[in-house]
Amino acid sequence: MALKAVNVTDVPNLDQVPENNASLSLYSSLFSSEGLELNSEATFKVPKFLVIGHRGHGMNILQSTDSRMKAIKENTILSFNSAAKFPIDFIEFDVQVTKDDCPVIFHDDFIFSEENGTVFEKRVTELSLEEFLCFGPQREAGKQGKSLLRKTKDGKILNWNVETDDSFCTLAETFQKVDPSLGFNIELKFDDHIVYQQDHLIHVLQVILQVVSEYAKDRPIIFSSFHPDAAQLVRKLQNTYPVFFLTNGGTQVYYDVRRNSLEEAIKVCMEGGLQGIVSEVKGVFGNPGAVPRIKESKLSLLTYGKLNNVPEAVCMQHLMGIDGVIVDFVQEISHAVDDMIVKPLNEGLREGDEETETKSKLQFSQQELSFLLKLIPELIHH
């Protein structure tokens, strides 16, 4: 069934927040000028340094020799709840809206399948919900779904085979079936190669916000998007949840200059009243001087990327003052963060050391920091 789009005036905005939403007080302090903070009144605990599961338990890379990249189908209920078994704070997933106005969870712009030896592609946003759910494993016993393939970055089309498969899901189902203690980092997904009109963006965002308003309850939520206009619009349409701007941090070049550097990302956030930036970690390591500028702008900073699967690189980011990481190796990194960051801090607090928190974030000169950053590539073996 299609969801009914609502008027802009009916969506929570800067002056109007639903009375039954208990998250506003949390987020007003969670993303304050001091960065990510604990809130004793919240029903869930938000730590100083966030660990976020990428597409749940981790993204799928079909050509990888690492079995962890093919263990569980990404962006599924199974992947989300598998991630919830470990000490993480949020899961990150991608939301698109079908042609009959249903928000669904899927990363790629196109779905690839094969029929009678012919491979075809379908744009996700041009499918109805019923058509979308026909691909891959089916929940109904005895029902066979359409084959599911995936196009790699180098153009190869491979069978989307994983060790443990699961069916596609909607945003509403995700709210209903995923561990309620787990926060959601909802990436608002748009095609880089399409120029969207503002009316279309508003409509898509309204449909997503309608589902969030109905099902979120007290679950912590962060919105994020690589699309600068979408990020600023979702901030205008609601004032309940923080919005972060996603950027490659200068590691790739785009026609839209707002996407080409951390400096531009800061401008997008300041102009749109956003709460933070999510950057490719290499963009931060390549431009460490941007971190204090981001903090001076009273913005939070999260990162994503392959380097976040290396414990030493994650610990380095904590020392730099970065607020959290999006990771694929959920089990390994969450436990490493617990051992290297959380436990030492807790032990210091138990001993009554009021300066422990300050000491946990060492201060480096620009020269010292540059030297340490040069060591990180030596830690990477893949």
Side-chain angles (χ1 to χ4, degrees), residues 34-38 45-54 57-59 66 68-69 83 85-92 183 185 222 244 249 251 262 276-295 299-351 353-382:
E34 298 301 320
L36 301 176
E37 298 184 345
L38 296 174
K45 182 179 180 181
V46 180
K48 288 286 186 178
F49 189 78
L50 294 179
V51 178
I52 303 171
H54 188 206
H57 191 263
M59 70 181 292
D66 193 323
R68 291 173 293 184
M69 308 303 292
K85 297 176 182 178
F86 303 103
I88 66 170
D89 310 290
F90 283 74
I91 50 171
E92 180 271 352
N185 174 189
I222 299 169
F244 281 41
T251 59
L262 288 171
I277 295 169
V278 185
S279 174
E280 218 293 344
V281 61
K282 291 181 180 178
V284 175
F285 284 155
N287 183 14
V291 177
R293 291 195 291 274
I294 290 170
K295 294 300 178 178
L299 299 170
S300 296
L301 176 61
L302 307 175
T303 67
Y304 71 93
K306 290 183 180 179
L307 285 176
N308 282 354
N309 294 323
V310 179
E312 293 84 352
V314 171
C315 188
M316 180 67 189
Q317 292 178 68
H318 172 67
L319 296 176
M320 293 171 66
I322 291 169
D323 297 301
V325 290
I326 300 174
V327 307
D328 292 302
F329 298 164
V330 169
Q331 179 176 355
E332 292 84 348
I333 300 302
S334 63
H335 287 157
V337 167
D338 199 45
D339 290 339
M340 294 188 296
I341 298 172
V342 178
K343 287 179 180 177
L345 176 60
N346 290 340
E347 289 173 1
L349 292 175
R350 283 198 297 270
E351 294 170 1
D353 184 357
E354 297 179 357
E355 297 181 0
T356 299
E357 184 178 332
T358 302
K359 291 177 180 177
S360 70
K361 289 190 178 181
L362 304 179
Q363 298 300 311
F364 297 103
S365 69
Q366 187 63 46
Q367 184 177 6
E368 290 169 331
L369 191 57
S370 297
F371 173 75
L372 288 170
L373 291 174
K374 289 177 182 178
L375 296 179
I376 287 185
E378 301 299 324
L379 304 173
I380 311 303
H381 303 290
H382 57 279

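We use all heavy atoms of the structure for the numbers below, so side chains are in, but hydrogens, waters and symmetry mates are not.
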Is there a side chain to side chain contact (heavy atoms under 4.5 Å, CB included) between I277 and I294? Walk through the geometry before answering. CA-CA 8 Å; I277 295 169; I294 290 170; 4.0 Å; yes

Heavy-atom closest pair (D89 atom, L50 atom, distance to 0.1 Å) is OD2-CA, 3.3 Å

CE (M340) and CG (L319) are apart, to the nearest 0.5 Å, by 9.0 Å

Nearest heavy-atom contact between V330 and G53 is CG2-CA, 3.8 Å

Exercise for the section: Check whether any side-chain heavy atom of V278 lies under 4.5 Å from a side-chain heavy atom of I326, and answer yes or no. Expected result: yes

Note: A313 and F285 closest approach over all heavy atoms is O-CZ, 3.8 Å

(Q) Looking at F49, is its backbone amide N or carbonyl O close enough to the side chain of D323 to form a donor-acceptor pair, meaning the two atoms are under 3.5 Å apart? (A) no

Taken in chain and number order and not counting sequence neighbours, the residues that satisfy side chain to side chain donor-acceptor pair (under 3.5 Å) with Q317 are T303, N308

Hits for side-chain contact (heavy atoms from CB on, under 4.5 Å) against D66, two or more places apart or cross-chain, chain-then-number order -> S64, R68, M69, F329

Correct closest heavy-atom pair for A336 and P311 would be CB-CB, 3.8 Å

| Side chain proximity check, V327 to H54, heavy atoms < 4.5 angstrom | no

- Query: Yes or no on side chain to side chain contact (heavy atoms under 4.5 Å, CB included) for L302 and V325, after CA distance, side-chain angles and deciding distance?
  - Reply: CA-CA 6 Å; L302 307 175; V325 290; over 6 Å; no

Heavy-atom closest pair (E280 atom, K306 atom, distance to 0.1 Å) is OE2-N, 4.4 Å

Sorted by chain and number, sequence neighbours left out, side-chain contact (heavy atoms from CB on, under 4.5 Å) with S334 holds for V51, F86, P87, I88

>> Are V291 and V284 packed together at the side-chain level, in the sense that at least one heavy-atom pair is separated by less than 4.5 angstrom?
In response: yes

For S279 and L262 the tightest heavy-atom approach is OG-CD2, 3.5 Å

